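Fair warning: this is a prediction, and the values are worked out from it, not measured in the lab. We name chains A, B, ... by the order of the sequence lines, and we start the count at 1 in each one. Values below: every heavy atom of this structure, side chains too, minus hydrogens, waters and symmetry copies.
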Number of protein chains: 2
Amino acid sequence: MSTLPGRRRGPSKGDRREQAILETARALLARKPLADITIDELAAGAEISRSSFYFYFDSKLAVVVALLHGITGELGRDAGPWLDGDGPDAESLRAALSALAVLWRDQGRLLTGAFAAAPGCPPLAQWRDGLRAAHVDRLAARIERDRAAGRAPAGPAPRVLAGLIDDLRTAAFAGTADPEALVDDLVTVELRMIYGDFGGSPLGRVIRQAP
Amino acid sequence: MSTLPGRRRGPSKGDRREQAILETARALLARKPLADITIDELAAGAEISRSSFYFYFDSKLAVVVALLHGITGELGRDAGPWLDGDGPDAESLRAALSALAVLWRDQGRLLTGAFAAAPGCPPLAQWRDGLRAAHVDRLAARIERDRAAGRAPAGPAPRVLAGLIDDLRTAAFAGTADPEALVDDLVTVELRMIYGDFGGSPLGRVIRQAP
DNA sequence: TTCGCAATCGACAGTATGTCGAAAAAGTCG
DNA sequence: CGACTTTTTCGACATACTGTCGATTGCGAA
């Protein structure tokens, strides 16, 4: 079996160094954007020479990929109830978005850098695409379910709509210094994108009326 | 009065060269992303040496800024009827989005590159912010008008909502190879974001019902 | 202890950016 | 036409990063 790309192999001695590099990267990302971080700094932070850095990682982006692997699991965390649920369930959507916002608050520079560098770096692009696809697939399925059951109005193809929602999240969180402040508004907006309808609507109609 | 930053001054001889550089940049951007374009290529395209390039522009980004100046006017073109109008006017919104989509279709690489490089390049950031502010201001005012007149339900603060809509547009157009195909769906989605309401809505209610 | 792999580093080579000062082309004006 | 100024051009440098190679050191196991 192949280990992570970049790292040659072996058990544990230099593993502490590998950790040190990751740790340094995390620390630096808290202070400045990815583009401003050089391999020298990463190596210095781990107390090795610049060329030794290449023993552990193939490039700066490889470090990012490793860092990303550590948080990929959390990216979808708490989204289950919303994605597997039914109808305009504001509470479960808020839970999903809150968890995501916290992640963006803590790892904003990493995520922004990763998304920015994705085109032109196959592994990053693949990571981004996989993440997006996972979200879009489930959300599109949810939309389809709701439409079939008459809980949501017709509209853009489910996958397209789901894609737009995913884009919106990323853009919104990437563009603000305080992602958590956006959660409530995103809840409203996403629900409207899926369930929103209004009298002048060209297609579809109001499914449920206020009592 | 100061001319465009980067260009020293003077009348006309080397102006053709300046144009040649811009033209080369345009041509190259049609084939590859901004990040893959080097100053050598730009200079070669204008048939001057690399160091002569610096006589005309301070950097690659300065060329981008100049290119951007040429299309900034078009970015808001055809948005007037929508932004100055009233209510869920799908037709005028579609007109605004169509014009924008064409621009993204033709200048996608330039715009994507500009948005990506904006953080870390003050002039680009300023251009982006100005553009966004102009759109957000007018759209927020429109939302406010509609809400005051009872044509739109309550929801996120107008400026925030307008910001989200602006983010969505940029993200959606930047992320697709065929912006025009998204126009109809964006029309639906933006209208829902502003006017959409549904039975389970926590706030607000259906303003107009289908006959 | 000695063999082999993990780990480290210095020296190089490559690519891109940006700066300087000297010189060549173009204008200008008497 | 010449002298003089301004525009334009370029080669030579200096700098910053990236990535590669080969030699060497450390260290654990047979």
> Between C:dA16 atom C1' and B:L42 atom CG, what is the distance in whole Å?
Replying inline: 13 Å
List, with names and distances, any nitrogen or oxygen atoms from the protein found under 3.5 Å away from nitrogen or oxygen atoms belonging to nucleotides 21-23 of chain C.
none

> Taking atom P of C:dT17 as reference, at what distance in whole Å does atom CZ of B:F57 sit?
Replying inline: 15 Å
> Is there a side-chain contact between A:P179 and A:T176, using heavy atoms and a 4.5 Å cut-off?
Replying inline: yes
> Roughly how many Å is it from CZ in B:F55 to C1' in C:dA25, rounded to a whole number?
Replying inline: 12 Å
> Roughly how many Å is it from CZ in B:R16 to P in D:dT8, rounded to a whole number?
Replying inline: 10 Å
>> Taking A:R94 first and then A:D184, would you say they form a salt bridge - that is, a charged N and a carboxylate O separated by under 4.0 Å?
In response: yes
>> Taking atom CD as the centre, does A:Q126 end up with more than 12 heavy-atom neighbours from other residues, nucleotides or ligands that are less than 6.0 angstrom away?
In response: no
> Under a 4.5 Å cut-off applied to non-hydrogen side-chain atoms, are B:F55 and B:I48 in contact?
Replying inline: no
>> Whole angstroms only, please: what is the CD1-C1' distance between A:I48 and D:dT25?
In response: 16 Å
Just the atom pairs and distances: protein N or O near nucleotides 18-22 of chain D's N or O, under 3.5 Å.
unit_1: D:dT18; atom_1: OP1; unit_2: A:I39; atom_2: N; d: 3.4
unit_1: D:dT18; atom_1: OP2; unit_2: A:I39; atom_2: N; d: 3.4
unit_1: D:dT18; atom_1: O4; unit_2: A:R50; atom_2: NH2; d: 3.3
unit_1: D:dG19; atom_1: OP2; unit_2: A:Y54; atom_2: OH; d: 3.4
unit_1: D:dG19; atom_1: N7; unit_2: A:R50; atom_2: NH1; d: 3.0
unit_1: D:dG19; atom_1: N7; unit_2: A:R50; atom_2: NH2; d: 3.3
unit_1: D:dG19; atom_1: O6; unit_2: A:R50; atom_2: NH2; d: 2.5

> Roughly how many Å is it from CG in B:D36 to C1' in C:dT15, rounded to a whole number?
Replying inline: 14 Å
> Does the side chain of B:S92 come under 3.5 Å of the side chain of B:D89 through a donor N or O and an acceptor N or O?
Replying inline: yes
> Phosphate oxygens OP1/OP2 of C:dC9: is one of them under 4.0 Å from a side-chain N or O of A:S49?
Replying inline: yes
> Does anything in residues 139-148 of chain B pair up under side chain to side chain donor-acceptor pair (under 3.5 Å), and if so which pairs, sequence neighbours excluded?
Replying inline: B:R142-B:D146, B:R142-B:Y195, B:D146-B:R151, B:D146-B:Y195
> Tell me: CZ of A:R17 to C1' of C:dA6, nearest whole Å?
Replying inline: 12 Å
> Is A:R192 salt-bridged to A:D197, going by a charged N under 4.0 Å from an acidic O?
Replying inline: no
> Looking at B:Y56, does any N or O in its side chain come under 4.0 Å of the phosphate oxygens OP1/OP2 on D:dT9?
Replying inline: yes
>> Between B:I39 and B:Y54, is there a side-chain heavy-atom distance shorter than 4.5 Å?
In response: yes
>> Between B:E47 and B:R16, does any side-chain N to carboxylate O distance fall below 4.0 Å?
In response: no
